[in-house]
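Here's the structure, in structure tokens; my notes come after.
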Amino acid sequence: MARHWLMKSEPQECSIDDALAAPDATVPWTGVRNYQARNFMRDDMRVGDGVLFYHSSCPEPGIAGIAQVASACRPDPTQFERGSPYFDAAASPEKPRWLLVDVKAIQKTRLLSLAELRATPALADLLVLKKGSRLSITPVGDEHWRLIVDGLLAVARG
DNA sequence: GCCAACGTTGGC
DNA sequence: GCCAACGTTGGC
């Protein structure tokens with residue numbers, strides 16, 4: 001059974017528009033440098049899993065689109081790139097430390113802002129809303145997924 | 001720029 | 001293995 005995820009991206013680096021504009025609307029999810037988030041990709045993600053595309057560290061943080069996991073995990077090449085902000089001297093192609101998956105954007109939605117998410121009691125348990133949560137990848141339960149996606153699509157339909 | 005919260009590092 | 005110091009995240 002497919003799971004669902006919320007994945008944070010800084011729109012400055014890769015927004016939902018950037019993802020949609022990429023070939024096949026697919027981008028490699030580079031830069032994850034947290035073991036818990038990496039392990040989600042390694043152990044729990046499956047191709048086809050639903051993704052809430054979240055914009056973070058920006059003027060209007062929130063869910064900006066819907067995407068899906070489009071590949072199995074593989075080594076993140078940026079860990080080997082000297083000079084990259086994601087370079088990791090402890091990693092080598094023989095012993096990669098960091099992984100990525102491809103993410104395929106499905107559609108841009110209205111911005112479901114962080115404030116709006118917080119104001120929705122039924123979403124109180126959404127992991128990304130938990131105090132102090134900094135994980136860039138978090139699982140999203142079926143109920144939460146349905147609530148959010150249905151709400152977004154209902155509005156998108158007008 | 002501030003700062004709360006969390007993760008990582010490294011000395012012991 | 002403990003834990004203080006430091007670094008990072010990310011909203012505000």
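Lettering of chains follows the sequences in order, A, B, ..., and the numbering in each one begins at 1. Basis for what follows: all heavy atoms, side chains included, without hydrogens, waters or symmetry-related copies.
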Legend entry - Under-4.0 Å salt bridge between Lys130(A) and Asp125(A):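 Result for this pair is yes, salt bridge flagged.
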Legend entry - Carboxylate-amine/guanidinium proximity below 4.0 Å for Asp76(A) and Arg33(A): yes
Side chain of [X] only, please: which of [options] is the nearest?
X	options	answer
Lys131(A)	dA4(B), dC12(C), dT8(C)	dA4(B)
Arg134(A)	dA5(B), dG11(C), dG10(C)	dA5(B)
Ser56(A)	dG10(C), dG7(B), dC12(C)	dG10(C)
Tyr35(A)	dT8(B), dC12(C), dG7(B)	dT8(B)

Atom-to-atom span, [atom1] of [X] to [atom2] of [N] - whole angstrom:
X	N	atom1	atom2	value
Lys130(A)	dT9(C)	NZ	C1'	19 Å
Tyr86(A)	dT8(C)	OH	P	13 Å
Tyr54(A)	dG10(C)	OH	C1'	8 Å
Gln12(A)	dT9(C)	CD	P	13 Å
Ile137(A)	dG7(B)	CD1	P	15 Å
His55(A)	dG11(C)	NE2	P	12 Å
Lys8(A)	dT8(C)	NZ	P	16 Å
Leu135(A)	dG10(C)	CG	P	9 Å

Inset, instruction - Measure up the Phe53(A) and Trp29(A) rings against each other and bin them: parallel (under 30°), tilted (30 to 60°), perpendicular (over 60°). - result: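 Plane angle over 60°, so perpendicular.
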Inset, instruction - For atom CD of Glu81(A), decide whether the heavy atoms of other residues, nucleotides or ligands shown that lie under 6.0 angstrom number more than 12. - result: yes
